[in-house]
Each structure stands twice: as C-alpha cells, then as structure tokens.
Amino acid sequence: MSRYRLTPTPAQEAVLRDHCGHARYIWNLAVEQHSHWHPGRAGAPGYLEQCRQLTQARAEHPWLAAGSQTVQQQALRDFTQAMAAFYDPKNPAGRPSWRKAGRNEGFRIVGRGPQWDVRRVSRHVGEVRVPKAGWVRFRWSRTVPPDAKSYRVTLDRAGRWHVAFAVIPAPVPAPGNGEVVGIDRGVAVSAAMSTGDLLHCPALTGREQTRLRRLQRKLARATRGSNRRRRIKRAIARLKARETDRRKDWADKTSTGIARRFDVIRVEDLKITTMTRSAKGTRENPGRNVRQKTGLNRGILASEWGLLVRRLQDKAPGRVQKIKPTLTSQRCSACREVDRGSRESQAVFRCTACGFACNADVNAAINIAAGHAVTARGGDGVTRPVNREPQLLLHSG
Ligand SMILES: [Zn+2]
C-alpha cells in the first residue's frame, strides 16, 4: 500500500480521533441534508452554503469549534466531490452514504505551509504536522513526494494509523510541433506506440518473485495470530508495495515523456475496448490476444494501461483524445485494407493485400493515431475535469 504508518503519541492520538469524529459528523450531516433531495429539485445546499452552515454550527457547538476548521471544511469538500462523482454519468460511483464510527475513519488536510508540513528526522522516521496535534511521527518507508499538496490520515479497523500524501501532477507544456501519437494497449508489453516504441512496465525482478513465492508458502504454514505470521505478512506487503511504487513511477515518467514529445495523444476509448475485446470476441470481431490476455496477466496489463492513460490525462489535459476502436487491430495501417487474415499471429500483422508487416500492436497504434475522437454529448470525450481531488501519486524511495 502506498501509505506511511503513523505512530502518534497517546495525546496526539486523542486529537486525531477527535478530527476523525468531526469529519464523520460533518459528512453525515451533509448526507442527511442531501437524503431528501434528487436531481431537478432545488434546495440541497451547495458547498458554499454548507460552509456558511458550518461556520454557524461551530458558533453554536463549542465541541465542534474546538476542533480544526480545516478538517471540517475538507470533510464537506470531500462530500461535495463524492456527490459530483455520483452524478457524473461517466464515473458511476455510489451515492455517498452514512459513515459509521470505527469504519473508514479519516480526515484530510490541505494548505501546505500554514496548515501542515512534512520533514524527515532520521533515516527511518519522518514527521508530519497535523493541526492541533503538532508533529506526528511516521515510518519513512519511502520518499515523500516533495510537491505533495495534501494528505489524508486514516485509522483502520485494527487501530493502525496511516498517512498518505497526494499531489496533483503538474501538466506538461505541449511541444507545439503538431505531432500526433497513437498508443495501443499491448499484448505482451504494457503499450505500443505508433512510433514503433514498445512500452514495458517494470515488475518485480526474478529474485524478488522467487522471494515472494517463498514468503507466500511460509505464510500458508504459519500459525494464525503468531508473531512469525505477522512478520511474513509485513514482508509480503513490503514487496508488493515496492512493485506498486515501481509501476506508478514508470507511469509517471512515461506519461511525462509522451506529453513532452507530442501535441496530441490518441488512445482507444476504454469502455468500447472492453466490449469489443472480451476474451473470445465474435466471429466478425475476434478478441485479440485471447490467450495472453486471460487470467492474471490480462488483469495486470489492464491496470498498467489504465494507470498510464490516467497519468497522460493528468500530464496533457485537453490533449488526450479517445478513439473509437473500430477494427484498429485488423486494418492495415499502410493501405487501410481490413482483413482478419492479416493478423498473422498475436504479435505479427502482415497485410494480405499489400504485404506490409509490422508488430501487431504498433499497427493498431498507427490506426489509432489516424483515428477521430469519439464525440460524446456535451463534450469532446477528451478529458476529465481538472478540479477533482488530487490523485495519489507516490514515488518509490
Ligand atoms: Zn496493406
């Protein structure tokens, strides 16, 4: 997990619990206010109105006023964003619901500088400043992104505290060269570019994988509740966190490079892609990469691809276009002829009409580069709103 373990003193823990309680109270108040409301009916208060009500509530309730205003305001902001996600047809999120004590406890702090800061005090120890709690120690298990804008503190059901730092990836300026690139989700690699580049997302090394398997076997044999079992679990979690960090780091660097080189970045529309590329496909439209994309490998490739596209949208807002994936894998990128037979194998495309041969994913990527953006009602199907909650972007240490 991309989080750091917080180790508050008992006095600090009491403050953190208060923050959690206040955040939950404010959130539930907002849920309550919205529960009698549905779209098309006026009356549910917006964020600003709720902020005004918060000021009022703080004036009336000393216990609320004694808490951190930042914590309470952010709880409202979180709720507003959760509602926006709920009403966004492109992002089918569940309706924000009542929060129970002891479950999903946490709060968010923004405003680095006046409200919070982070520092490293020794090799394995860092400190984060929490309003009203002062500097709280955490295990410096990896580098904290220097441009972190906010953080979230959470308490899990086992009573452990964590802190996760978030940064909004800075957009990369367009090169202004008018160049368009197409990127396709790959068969054996994470992605292929119309330039012929194949993008490999790093995984665990062979030695690390061996170690992981050995740990997993040990875990199966370890007695429940034993210290040994806890140690093994921790070692497994560390290895997995290392892999996650590596993937995120890769997506971060790769997307920056692409955003810097090209003005327009075209990818297939994912929603359509998943339909047309379901494992077997149809006779007219046979699924690609049936064998390679089944099972675990398919899941990994899909998550790497998803991560890369999200990062591209962060780095090149307004410059990522989604393309309808019509026959991109069967069309010859040289002569435009469509023939299933041209797909010589999973990896090789050889045109039955003109003889053009190419890596199958690169051929598809060239077709994607030549494609037209899917036009959605009310938008160009290009980007997500920019004023969303900062995405967690954590760097490996
Ligand atoms: Zn051809």
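No hydrogens, no waters, no symmetry mates; every other heavy atom, side chains included, goes into these values. For ligands, and for the atoms within them, numbers begin at 1 and follow the listed sequence. None of these values were measured; they are calculated from a predicted model.
- Tally of protein N, O or S atoms closer to the Zn ion (ligand 1) than 2.8 Å: 4.
- In this structure, the side-chain hydrogen bond (donor to acceptor under 3.5 Å, both in side chains) partners of R58, at least two apart in sequence or on a different chain, are Q72.
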N/O donor to acceptor pairs below 3.5 angstrom from side-chain atoms of residues 9-17, sequence neighbours left out:
unit_1	atom_1	unit_2	atom_2	d
T9	OG1	Q12	N	3.2
T9	OG1	Q12	OE1	3.4
Q12	OE1	T9	N	3.0
Q12	NE2	A133	O	3.2
Q12	NE2	W135	O	2.7
E13	OE2	R17	NH2	3.2
E13	OE2	W161	NE1	3.1

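- The one candidate from Q209, K240, R211 that meets the side chain to side chain contact (heavy atoms under 4.5 Å, CB included) condition with L204 is Q209.
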Exercise answer: donor-acceptor pairs, residues 62-70 side-chain atoms, under 3.5 Å, sequence neighbours excluded:
unit_1	atom_1	unit_2	atom_2	d
S68	OG	T70	N	3.2
S68	OG	V71	N	3.2
T70	OG1	Q115	OE1	2.9

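- Relative ring orientation between H22 and H19 is described as tilted, the plane-to-plane angle lying within the 30° to 60° band.
- The aromatic rings of W140 and Y4 sit tilted, their planes meeting at an angle between 30° and 60°.
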